[in-house]
Novice: 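Sending over a structure as C-alpha cells; questions will come in a sec.
Order of listing sets the numbers, starting from 1, for every ligand and every atom in it.
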Amino acid sequence: PQDTVNVVVVGSGGAGFSASVSAHDKGASVILIEKEPVIGGNAKLAAGGMNAAWTDQQKAKGIEDSLELMTKDTMKGGRNLNDPALVDVLVSHSKGSVDWMTAMGADLSDVGRMGGASVNRTHRPTGGAGVGAHVIQVLYDNAVKRDIDMRMNTRGIEILKDNSGKVKGLLVKGMYKGYYWIKADAVILATGGFAKNNERVSKLDPKLKGFVSTNQPGATGDGIDVAANAGAAMQDLQYIQAHPTLSVKGGVMVTEAVRGNGAILVNREGKRFVNEITTRDKAAAAILEQTGKTAFLIFDDSVRKSLKKIDKYIGLGVVPSADSLVKLGKLENIDGKALTETVARYNSLVTSGKDTDFERPNLPRALNEGNYYAIEVTPGVHHTMGGVKIDTKAEILDAKKQVIPGLYGAGEVTGGVHGANRLGGNAISDIITFGRLAGEEAASYSKKK
Ligand code: ADP
C-alpha cells in the first residue's frame with residue numbers, strides 16, 4: 001500500500017466531511033477522497049435547511065416542537081416505509097447535530113418551514129445564505145484546521161478485505177497517480193446518490209426516463225456498485241424523488257422555502273391546483289398533471305424580501321415581474337384574469353386564516369405588495385431515497401443482515417432513513433448526523449482492532 005491510516009472516507013459531501021472531522025476528533029488518522037475535482041458534492045447545492053426538533057433556535061423563536069412530531073412527520077412523508085430505528089437516530093440526534101455544527105462556526109439561527117413539516121423546524125443561516133454551501137464551508141474549514149489529508153480527483157474503486165472478511169483498505173484511482181491502495185481499518189462510504197445517472201434512474205423507475213436532474217455531475221451512484229461488490233445489501237432503490245420546482249428557463253432548483261414563505265403555485269390557466277407545501281412526491285405529481293407539465297410560482301415583493309435566495313433567481317434573468325397580475329400573465333402566457341381572481345381568493349383565505357380550497361397548513365402572508373413575480377417550474381430528479389443497508393451505528397450490512405466488519409455508510413448512499421419520500425430539510429440533517437456517527441464508530445472500531 002501507498003498509505004496507512006485508521007479510516008478512509010469516500011466522498012466529500014456533508015456526510016463525508018462530517019465523518020472525517022468526527023473520526024479525527026475521536027483520535028483516528030483520516031484520508032478523505034473525492035472523485036471530482038471540487039469538494040462538496042450535492043450537499044453544497046442544498047438550499048432549504050436542516051431539520052431538527054427541540055432546538056435552542058426554535059425556542060428562541062417561540063416555536064413548539066417535539067421529537068415525536070418530527071418522527072411522525074418524517075414517517076408520514078416517507079409513506080411509513082422508513083426504517084423506524086434509523087428515523088429514531090435522525091430525530092434524536094437532530095438537536096445535537098445543530099449544536100455540533102454551531103460549535104464549529106455554523107449559523108443555523110433562522111428557522112423556516114418545508115413541505116410535510118407540522119411546524120417550523122428547518123434551520124438555516126439568517127440572511128439567506130444557501131445552507132448547503134455554508135455547511136460545507138464550515139466543515140471544510142474545520143477539516144483544514146485539523147490538517148486532514150484530502151485528495152480530489154481520486155476515485156474509490158474497490159473495498160479490500162482480509163481472509164476473514166474484515167476490511168483492510170481501499171483500492172483507489174488518482175487522476176495523476178493512477179491505481180494504488182490505502183491500507184485502513186475502516187472505510188466509510190459517503191458517495192451520495194445517483195439522481196444524475198438517468199440510465200440507472202429510469203431502469204428503476206421508467207416514468208423518470210429523460211428527466212432532467214438537479215444534481216451535480218458526480219451523483220452517478222458508483223458508490224452503490226463499490227458497496228455491492230463488497231457484499232452490501234441494498235434497500236429501497238426504486239424510490240426516487242423528483243423535486244417539484246426546477247426552473248424551466250434557469251435549469252436550477254428553486255428552493256421549497258419560496259413556497260414555505262408564501263408563494264403559490266398556479267397552472268397556465270391561472271388557477272391553484274394543490275396545497276403548495278405538501279410533500280415533494282405529491283407536489284411533483286400534481287404539476288405533471290397540468291397543461292404542458294409545468295406550473296408557475298407566483299409571489300410578490302413581501303415574499304421576495306423575506307428570502308434573500310429569491311434575488312439570486314432574479315439575478316439569473318429567469319423571473320419576469322410586473323406591477324399587475326394581468327401584465328404578469330401576458331409576459332408568461334398565463335390567463336391574467338383568472339390569475340387576478342386566484343390571488344384575490346387566496347388573499348381572502350389568508351385573512352380568514354384557513355385554506356378551505358387546498359388545506360394548505362401555513363398561510364404566512366397575503367400577496368399584495370409591490371411587484372408580482374412568476375417562475376415557471378417543472379419537476380426534476382432530485383434525491384434517491386434507497387441505497388446500502390445500514391444499522392443504527394452506520395455499519396453496512398450484507399444480505400444476511402450481518403455487519404461487514406470495518407465498512408460504514410452515511411448520507412444519500414444509504415437507504416432506509418427516508419422511506420419512499422424524503423422531506424425537504426431532512427437531507428442535511430441525515431448527512432450531518434449519520435456522517436458524524438459513522439466517523440465516531442469507525443474511529444472506535446479502529447482503536448479496538
Ligand atoms: P451526501 O449528501 O450524502 O454527503 P453528496 O452528494 O453531497 O452526498 O456527496 C457525495 C460525494 O461523493 C460527491 O462529491 C461525489 O462526487 C463523491 N463520490 C461519488 N462516488 C465516488 C467514488 N467512487 N470515489 C470518490 N468520490 C465519490
Side-chain angles (χ1 to χ4, degrees), residues 8-22 31-48 50 90 97 101 130-137 139-140 143 150-159 170-175 177 179-182 187-197 200 213-230 232 241 253 381-388 390 394 408-418 422 424-439:
V8 183
V9 179
V10 190
S12 71
F17 268 117
S18 299
S20 303
V21 169
S22 73
I31 293 177
L32 168 64
I33 66 162
E34 164 59 53
K35 69 173 174 169
E36 296 294 312
V38 289
I39 59 152
N42 262 331
K44 73 171 175 294
L45 304 177
M50 173 170 179
L90 177 82
S97 291
M101 286 302 302
V131 69
H134 178 63
V135 160
I136 290 294
Q137 185 71 53
L139 287 167
Y140 173 76
M150 296 183 253
R151 304 180 184 182
M152 305 302 108
N153 292 311
T154 304
R155 182 185 292 269
I157 305 283
E158 192 186 338
I159 309 285
L170 181 73
L171 176 68
V172 305
K173 188 180 183 204
M175 190 186 258
K177 283 203 212 170
Y179 288 96
Y180 62 99
W181 75 283
I182 302 171
V187 174
I188 300 174
L189 289 176
T191 48
F194 56 91
K196 195 71 175 181
N197 183 343
R200 199 185 276 262
S213 166
T214 61
N215 281 206
Q216 61 103 12
T220 52
D222 44 330
I224 302 259
D225 298 330
V226 171
N229 285 337
Q241 178 176 77
M253 189 187 76
V381 183
H382 187 55
H383 188 93
T384 46
M385 270 69 67
V388 302
I390 55 165
Y408 297 80
E412 197 175 344
V413 71
T414 69
V417 179
H418 307 290
R422 174 177 69 76
N426 267 357
I428 297 287
S429 204
D430 173 5
I431 62 186
I432 306 289
T433 288
F434 282 92
R436 187 179 172 205
L437 186 65

Novice: Can you list everything that forms a side-chain hydrogen bond (donor to acceptor under 3.5 Å, both in side chains) with S12? Sequence neighbours excluded, please.
Specialist: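 Only E34 meet the side-chain hydrogen bond (donor to acceptor under 3.5 Å, both in side chains) criterion with S12.
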Novice: With rounding to the nearest 0.5 angstrom, report the CG to CG distance, L170 to L189.
Specialist: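 Taking CG in L170 and CG in L189, the distance rounds to 8.0 Å.
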Novice: Any ion pair linking D430 and R422 (charged N to carboxylate O, less than 4.0 Å)?
Specialist: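 No, R422 and D430 are not salt-bridged.
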Novice: Quick one, list the residues around ligand 1 where some non-hydrogen atom comes in under 4.0 Å, by chain and residue number.
Specialist: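 Ligand 1 is contacted, at a heavy-atom distance under 4.0 Å, by V10, G11, S12, G13, G14, A15, E34, K35, E36, G40, G41, N42, A43, T154, R155, G156, A190, T191, G192, Q216, G218, D222, G411, E412, I431.
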Novice: Evaluate the criterion side chain to side chain contact (heavy atoms under 4.5 Å, CB included) for residue pair F434 and T414; output intermediate values, then yes/no.
Specialist: CA-CA 10 Å; F434 282 92; T414 69; over 6 Å; no
Novice: Indicate yes or no: at least one non-hydrogen side-chain atom of T154 is less than 4.5 angstrom from one of Y180.
Specialist: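 Yes. Closest side-chain heavy atoms under 4.5 Å.
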Novice: To the nearest 0.5 Å, how far apart are CG in N153 and CE in M175?
Specialist: 4.0 Å
